[in-house]
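In what follows, every heavy atom counts, from backbone to side chain, and hydrogens, waters and symmetry copies are set aside.
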Amino acid sequence: MKKKEVLELIEVGENLRCEFKRKFSSSEKIAREMIAFANTKGGVILLGIDDNKEIVGVDSEKSEAELIKDAGLNYCEPPLNFNIEYVDLNGKEVVIVEIPESDKKPHRIQDYFNEFDINKAKVCIRVNDKSVMASKEMVRILRAQTNKLNLKKYTIGPIEKSVFNFLTEHERISVKELSILVNISERRASRTLVKLVRASLVIIHTKDNGDEYFTAVV
């Protein structure tokens, strides 16, 4: 990445695909940020940049690079693809970590389980300019996308009709609201809404705090 491109990223500020970090204290913290980008649309971490856009640089390119490599290969499951570059800005070294969107979603913090456990896996996604923990609904959607399990034929039943009637009046619905609305368990409500997302009939939205809601496809 050229110096001009890095300066342009700094000028724009943090967003869905760009994160500034003054420094990282552990490989696991780096892994969380990298996983969030890989599970979403990909992105760039600029190490040596403060949240206020100040260029502070890093003390050691080599040690930061080792932390990043350790995070991407040993603290992420499955391991991530990434690229590390360096650029000198005003005499200060900045580390650039580029993480492409993954085709092996969802990535999770390494838990050393042989199989993916949705109740224990720590899966991160990117929401606006933050990295947050993904809900079970989002994890199921990510897994379905990776396995190309979009529902082409989906029968609309009474519960689904209740969803659309509710959305006509309120514009958005949550798992808990659907559970109360039709008197079903939150687990069943969750699976119903996930199937509607997979059928491209509703859209899932994640707030900055990780809470989620669903809206109809316009």
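- Looking only at atom types and distance, the side chain of T215 has no donor-acceptor partner in the side chain of R172 under 3.5 Å away.
- I35 and I125 fall into different hydrophobic clusters, where Ile, Leu, Val, Met, Phe, Trp and Tyr residues are linked whenever their side-chain heavy atoms come under 4.5 Å apart, directly or through other members.
- E169 places no side-chain N or O within 3.5 Å of a backbone atom of F166 that could act as its donor or acceptor partner.
- Exactly one of I10, I55, D88 qualifies for a side-chain contact (heavy atoms from CB on, under 4.5 Å) with V94. That residue is I55.
- Rounding to the nearest 0.5 angstrom, the gap separating the CD atom in Q145 from the CG atom in N39 is 10.0 Å.
- No hydrogens or angles considered: nothing links the side chains of K69 and N74 as a donor-acceptor pair under 3.5 Å.
- Residues D208 and K130 come closest through the heavy atom pair OD2-NZ, 4.0 Å.
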Open item on the list: Apply side chain to side chain contact (heavy atoms under 4.5 Å, CB included) to residues V44 and L46 and explain how you reach the verdict.
Closed with: CA-CA 6 Å; V44 177; L46 298 182; 3.7 Å; yes
Task: side chain to side chain contact (heavy atoms under 4.5 Å, CB included) assessment of T40 paired with E101 - done: CA-CA 6 Å; T40 312; E101 180 176 359; over 6 Å; no
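- Minimum interatomic distance between E54 and N52 (heavy atoms only, all atoms of both residues): N-OD1, 3.0 Å.
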TODO: Run the numbers on V132 and N209 for side chain to side chain contact (heavy atoms under 4.5 Å, CB included), then give the verdict.
DONE: CA-CA 7 Å; V132 302; N209 63 1; over 6 Å; no
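- Judged by distance alone, with hydrogens and angles left aside, the side-chain atoms of H205 form no donor-acceptor pair with the main-chain N or O of Y213 at under 3.5 Å.
- Using a 4.5 Å heavy-atom cutoff, the side chains of M133 and K122 are in contact.
- Residues F82 and M34 are in side-chain contact: their nearest non-hydrogen atoms beyond the backbone lie under 4.5 Å apart.
- Applying side-chain hydrogen bond (donor to acceptor under 3.5 Å, both in side chains) to S190 and the options K136, E212, R140 leaves one that passes, R140.
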- [ ] Under the side chain to side chain contact (heavy atoms under 4.5 Å, CB included) rule, what do T206 and D211 come out as? Steps first, then yes or no, please.
- [x] CA-CA 6 Å; T206 305; D211 290 344; over 6 Å; no
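- With respect to R143, the side-chain contact (heavy atoms from CB on, under 4.5 Å) criterion is satisfied by exactly one of I141, V139, T146: V139.
- Rounding to the nearest 0.5 Å gives a distance of 11.0 Å between CD of E28 and CG of D70.
- Atoms CD1 and NZ, from I159 and K195 in turn, are 10.0 Å apart once rounded to the nearest 0.5 Å.
- Atom CG of N183 has 12 or fewer heavy atoms from other residues, nucleotides or ligands within 6.0 Å.
- Interatomic distance, M138 CE to I204 CD1, rounded to the nearest 0.5 Å: 4.0 Å.
- Annotation for S27 and L67: closest pair OG-CD2, 3.3 Å, computed over non-hydrogen atoms.
- Between I156 and F164, some side-chain heavy-atom pair lies under the 4.5 Å cut-off.
- Electrostatic pairing of K21 and E33 counts as a salt bridge here, judged by a charged N lying under 4.0 Å from a carboxylate O.
- For the residue pair R188 / S179, no side-chain donor-acceptor distance below 3.5 Å is found, with atom types taken as modelled.
- Rounded to the nearest 0.5 Å, atoms NZ (K120) and CD1 (I118) are 13.5 Å apart.
- Distance check: T168 OG1 to H170 NE2 gives 9.5 Å after rounding to the nearest 0.5 Å.
- For the pair L167 and A216, the tightest heavy-atom approach, listed with the atom from each and the gap, is CD1-N, 3.7 Å.
- For D111 and R108, the salt-bridge test passes: some basic side-chain N is under 4.0 Å from an acidic carboxylate O.
- Using a distance-only test at 3.5 Å, with no hydrogens or angles considered, a donor-acceptor pair links the side chain of R126 to the main chain of D129.
- Within the 4.5 Å cutoff, no side-chain heavy atoms of E77 are placed close to those of I109.
- A heavy-atom distance below 4.5 Å is not found between the side chains of V123 and K105.
- S135 and E137 share a side-chain donor-acceptor pair at under 3.5 Å.
- Listed by first and then second residue, the ring pair (Phe, Tyr, Trp, His ring centres under 6.0 Å) pairs involving residues 15-47 amount to none (not counting sequence neighbours).
- Residues L73 and I84 are members of one and the same hydrophobic cluster, defined by side-chain heavy-atom contacts under 4.5 angstrom among Ile, Leu, Val, Met, Phe, Trp and Tyr.
- Residues L178 and L193 are in side-chain contact: their nearest non-hydrogen atoms beyond the backbone lie under 4.5 Å apart.
- Counting heavy atoms from C-beta outward, K92 and V56 have side chains that stay 4.5 Å or more apart.
- The same ILVMFWY cluster, assembled from side-chain heavy atoms under 4.5 Å apart, contains both V175 and I173.
- Of all the heavy atoms in A31 and A71, the pair that sits closest is N-CB, 3.8 Å.
- Screening residues 5-17 for side-chain hydrogen bond (donor to acceptor under 3.5 Å, both in side chains), with sequence neighbours left out, gives no hits.
- Both L142 and V127 belong to a common hydrophobic cluster when Ile, Leu, Val, Met, Phe, Trp and Tyr are linked at side-chain heavy-atom distances under 4.5 angstrom.
- Annotation: side chain of I99 is in contact with side chain of I45 (closest heavy-atom distance under 4.5 Å).
- The hydrophobic clustering, which links ILVMFWY residues whose side-chain heavy atoms are closer than 4.5 Å, places V194 and L201 together.
- Applying the 6.0 Å contact sphere to NZ of K53 captures more than 12 heavy atoms from other residues, nucleotides or ligands.
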